[in-house]
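What follows is a short report on a single structure.
Model, not experiment: these values are computed from the prediction.
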Amino acid sequence: MKFRSKMTDVGCLNHFTRVVNTIAKLNKTCILRLTPDNLYFVLSGKVANGGVSMWCELLQVNFFDEYQIEGVSPDANEICLEVAPDNLSRALKTAQTAKSVKIKLTKKHCPCLTIAAELPSLSSVSRVVTHDIPVEVIPRRLWHDFKEPTMPDFDVSIYLPPLKTMKNVVDRMKNLSNYLVIEANLSGEMNLKIETDLVSVTTHFKDLGNPPWGDDASQSKSQSRDLEAMAYTRVDIRKLQQFLAGQQVNPSKAMCNIVHKRIVHLILLHEDVSLQYFIPAVA
């Protein structure tokens, strides 16, 4: 297996760093899946056990000037690595002013992602800062756990309000309860609710709009649904807060699909990044 890449554009480096920073806020470890055309950051939590899951897809040509990969075999030209995104984030922070950044898979005391940042220098001698980030190579027999999740058969899909506004609301609600109800309908209305023995608080959002999914099979349940009827899911408020607090993708579109009483599926879309985040219901 071989992997090497190079970034020289400061804008691309900063954008890639923001994506990694977002991933680092969501979990301590994740899977980095490398293919000839894309990079994927994958968190495959067991939803049935209350775990969140995530799928973040980046088109490599929009970030890297050079990108070469030789996978485990000609018929499986991929590499899957378990990595601590916080380590990757810290390494990239030191490279924000770099003239170029090289990332390659190396074998040191263990498999590593080696990040070499060439920093500006007043002399003719270049300054290179190198970080070796330990990774674990995922064997091919386990790859089936890290494929793109299927779109859930949702009851309601709605555009999210401004994420900063939503974050401020959730931050305040977190002080009152550990759980939050997200509900929405097909008339562009969304509510964030907490209910305890002592207090009941609801924040209303209107005129958000509902995404046109066309003939997508995932919309089958919602096509005949009453436009005013609310679909809702009760979730762990900390998981939603964690998602909103770490978000640095600056999406052009942010959407939420609700599977009634089962799951909240959050989608952030940027022109060259897509991020899906699944929060399961709690009883």
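Smallest separation of non-hydrogen atoms from Cys30 and Val42: CB-O, 3.4 Å. Residues Pro251 and Leu163 share a closest heavy-atom pair of CG-CD1, 4.0 Å.
Qualifying side-chain hydrogen bond (donor to acceptor under 3.5 Å, both in side chains) partners for Asn210, counting only residues two or more places apart in sequence or in other chains: none.
Between Asn77 and Glu70, the side chains place no donor N or O within less than 3.5 Å of an acceptor N or O (distance only, hydrogens not considered). Checked by atom type, the side-chain pair Glu183/Asn191 shows a donor-acceptor distance below 3.5 Å. Counted by atom type alone, Thr17 and Gln96 present one or more donor-acceptor pairs between their side chains at under 3.5 Å. The closest side-chain donor-acceptor pair between Thr35 and Asp37, if any, does not fall under 3.5 angstrom.
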Cys56 vs Ile23, test: side-chain contact (heavy atoms from CB on, under 4.5 Å). Steps then yes/no.
CA-CA 8 Å; Cys56 183; Ile23 305 301; 4.0 Å; yes
Please evaluate residues Asp236 and Ile279 with respect to the criterion side-chain contact (heavy atoms from CB on, under 4.5 Å), reporting the C-alpha separation (whole Å), side-chain torsions for both, the decisive distance (0.1 Å), and the verdict.
CA-CA 8 Å; Asp236 185 331; Ile279 308 177; 5.6 Å; no
Checking side-chain contact (heavy atoms from CB on, under 4.5 Å) for the pair Thr29/Asn27: CA distance, chi angles, key distance, verdict?
CA-CA 6 Å; Thr29 62; Asn27 211 58; 4.0 Å; yes
Please determine whether side-chain contact (heavy atoms from CB on, under 4.5 Å) holds for the pair Ile103 and Phe16, giving the CA-CA distance in whole Å, both sets of side-chain angles, and the decisive distance to 0.1 Å.
CA-CA 12 Å; Ile103 305 175; Phe16 185 72; 4.3 Å; yes
Under the ring-ring contact (aromatic ring centres under 6.0 Å, His included) rule, what do His15 and Phe63 come out as? Steps first, then yes or no, please.
CA-CA 8 Å; His15 188 22; Phe63 292 89; 5.3 Å; yes
What do the steps show when you test Tyr40 against Phe146 for ring-ring contact (aromatic ring centres under 6.0 Å, His included), and what is the final call?
CA-CA 9 Å; Tyr40 305 91; Phe146 310 113; over 10 Å; no
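Within 6.0 Å of CZ in Arg234 there are more than 12 heavy atoms belonging to other residues, nucleotides or ligands. In Lys147, the NZ atom is crowded: over 12 heavy atoms of neighbouring residues, nucleotides or ligands sit closer than 6.0 Å.
Phe205 is listed as a side-chain neighbour of Thr165, based on a closest heavy-atom distance under 4.5 Å. At a threshold of 4.5 Å between non-hydrogen side-chain atoms, the residues Leu266 and Gln276 do not count as touching. Two residues are said to be in side-chain contact when any heavy atoms from C-beta on lie closer than 4.5 Å; Asn38 and Gln60 fail this criterion. Contact of the Leu58 side chain with the Asp272 side chain is not registered, since no non-hydrogen atoms from C-beta on lie closer than 4.5 Å. For the pair Phe64/Lys6, no side-chain contact is recorded, criterion being any heavy-atom separation below 4.5 Å from C-beta on.
For the atom pair NE2 of His270 and CZ of Arg18, the computed distance is 7.0 Å after rounding to the nearest 0.5 Å. Once rounded to the nearest 0.5 Å, the distance linking OG of Ser157 with CD1 of Ile258 reads 9.0 Å. Atom CG of Leu34 sits about 8.0 Å away from atom SG of Cys80, to the nearest 0.5 Å. Here the straight-line distance linking atom CZ of Arg172 with atom OG1 of Thr203 works out to 9.5 Å at 0.5 Å rounding. Taking CD from Glu271 and CG from Asn250, the interatomic distance works out to 11.5 Å, rounded to the nearest 0.5 Å. In this structure, the separation between CG on Leu113 and NE2 on His131 is 13.0 Å, given to the nearest 0.5 Å.
The pair Glu78-Arg33 meets the salt-bridge criterion, since a charged nitrogen lies less than 4.0 angstrom from a carboxylate oxygen. A salt bridge links Arg140 and Asp75; the closest N-O separation between the charged side-chain nitrogens and carboxylate oxygens is under 4.0 Å. Ion pairing of Glu189 with Lys206 is absent here, as no side-chain N (NZ or NE/NH1/NH2) approaches a carboxylate O to less than 4.0 Å.
Taking the centre of each ring, His265 and Phe154 stay at or above the 6.0 Å mark.
Side-chain atoms of Ser252 come within 3.5 Å of backbone N or O of Leu269 as a donor-acceptor pair.
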